[in-house]
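Okay, so here's the structure we're looking at.
Note on naming: letters A, B, ... go to the chains in the order of the sequence lines (proteins, then strands), and numbering restarts at 1 for each one. A quick note: this is a predicted structure, and the numbers were derived from the prediction, not measured.
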Protein chains: 2
Amino acid sequence: MSDLLERLRGRGWRLTAQRRVVAEVLDGDHVHYTADEVHAKAADLLPEISRATVYNTLGELVSLGEVLEVCTDGRAKRYDPNAHHAHQHLVCSRCGTIRDVHPAGDLVANLPSEERFGFQVSAVDVTFRGICPDCAAA
Amino acid sequence: MSDLLERLRGRGWRLTAQRRVVAEVLDGDHVHYTADEVHAKAADLLPEISRATVYNTLGELVSLGEVLEVCTDGRAKRYDPNAHHAHQHLVCSRCGTIRDVHPAGDLVANLPSEERFGFQVSAVDVTFRGICPDCAAA
DNA sequence: TCTTGACTTAGACAGAGTCCAATGTAGGAT
DNA sequence: ATCCTACATTGGACTCTGTCTAAGTCAAGA
């Protein structure tokens, strides 16, 4: 994720300790933390970091296209650092676990033009729902 | 929507004035109101209706499968009375307008089994995003 | 019409997120 | 190396969405 920090510095981002730890927390695959989870994990590394800064930083990362916002339920938004590989999400209806998945085909093409109501359709968010192996076993 | 009320009465629902006006507000196509919008419109018909009752009634309608909960952004949930015809949503990224749409094909089948991580996949929610004709013109 | 358990109400509360004025600091300028 | 200052951070108040509770009300069966 340090290449991310370099990229952002190149765009004029000031590199602060707070931004570093937020970026560090978001490193990894299948990471989908809420803002509060990011704050808790960041506070383990930098105890005095504030909630406001975590929200600010996440918002900036989203605006810059480096992180995706995901809402799979009506609760807190989740933040997905896997923004540079198009993907969708598979969510366990019981425990809420989220996996990144890669459906086949062109999903936007599934929408016939007579169903587009004159919209310029540019993107599609897909959430597959089901029961994960752990919940199915329990 | 009065067939809805009949159906619910058959299931033991007590028919109150409050439930009637909530059902009436939710009548129509491409209806996707937030709970507060439902409350405001219901209060036009029955001024003393409370927010709690609107939330209760919407929750019950969702549990009974008569209304769908939709969240297209991280904000308030929206309530969609078109629960008896499978459909997905098309959302304007600028103004938030929502249309019900009917994509072609079996959307769950788009997820290859090696991308299912052992989940039993049972449903899929799809949100197409784009710019609506009004916003494109403006 | 009476009765009763289901329904409604107002308001307190909780969770998620935003905003603001005061303070601190990264990094270019000197 | 130090200074400056525009940008970043902070804590706390605030907003919005939704839930809960205790007390009062009422639909509909007896």
So, is [X] near the phosphate of [N], with a side-chain N or O under 4.0 Å from OP1 or OP2?
{"X": "T16(B)", "N": "dA6(C)", "answer": "no"}
{"X": "Y55(B)", "N": "dT19(D)", "answer": "no"}
{"X": "Q18(A)", "N": "dT10(D)", "answer": "yes"}

Only residue of H102(A), H89(A), H30(A) satisfying ring-ring contact (aromatic ring centres under 6.0 Å, His included) with F117(B) is H30(A)
Closest-nucleotide 5' rank along DNA chain D - winner of K77(B) and L15(B): K77(B)
Of Y79(B) and A17(A), the one whose closest nucleotide on DNA chain D sits nearer the 5' end is A17(A)
Rounded to the nearest Å, what distance is computed from the [atom1] atom of residue [X] to the [atom2] atom of nucleotide [N]?
{"X": "E48(A)", "N": "dA8(D)", "atom1": "CD", "atom2": "P", "value": "18 Å"}
{"X": "E60(A)", "N": "dC7(D)", "atom1": "CD", "atom2": "P", "value": "12 Å"}
{"X": "L61(B)", "N": "dC7(C)", "atom1": "CG", "atom2": "P", "value": "12 Å"}
{"X": "R75(A)", "N": "dG17(C)", "atom1": "CZ", "atom2": "P", "value": "10 Å"}
{"X": "N56(A)", "N": "dC20(C)", "atom1": "CG", "atom2": "P", "value": "12 Å"}
{"X": "E37(B)", "N": "dT17(D)", "atom1": "CD", "atom2": "C1'", "value": "13 Å"}
{"X": "L46(B)", "N": "dC7(C)", "atom1": "CG", "atom2": "P", "value": "16 Å"}
{"X": "I49(A)", "N": "dG24(C)", "atom1": "CD1", "atom2": "P", "value": "17 Å"}

Would you mind telling me which of dT9(C), dG17(C), dG18(D) lies closest to the side-chain atoms of T53(B)? dT9(C)
Could you go through the side-chain contact (heavy atoms from CB on, under 4.5 Å) check for Q18(A) and T57(A) one step at a time? CA-CA 9 Å; Q18(A) 290 83 348; T57(A) 305; 5.6 Å; no
Testing [options] one by one against [X] for a side-chain contact (heavy atoms from CB on, under 4.5 Å), which residue passes?
{"X": "V21(B)", "options": "D44(B), L26(B), I49(B)", "value": "I49(B)"}
{"X": "T34(B)", "options": "R78(B), K77(B), H39(B)", "value": "R78(B)"}
{"X": "Y79(B)", "options": "E37(B), H32(B), E69(B)", "value": "E69(B)"}

Can you tell me whether the side chain of R51(A) and the base of dG11(D) have a donor-acceptor pair closer than 3.5 Å? no
Do R14(B) side-chain and dC7(C) base share a donor-acceptor contact under 3.5 Å? no
Using a 4.0 Å heavy-atom cut-off, does A52(B) contact any base of the nucleic acid, only the sugar-phosphate backbone, or nothing at all? base
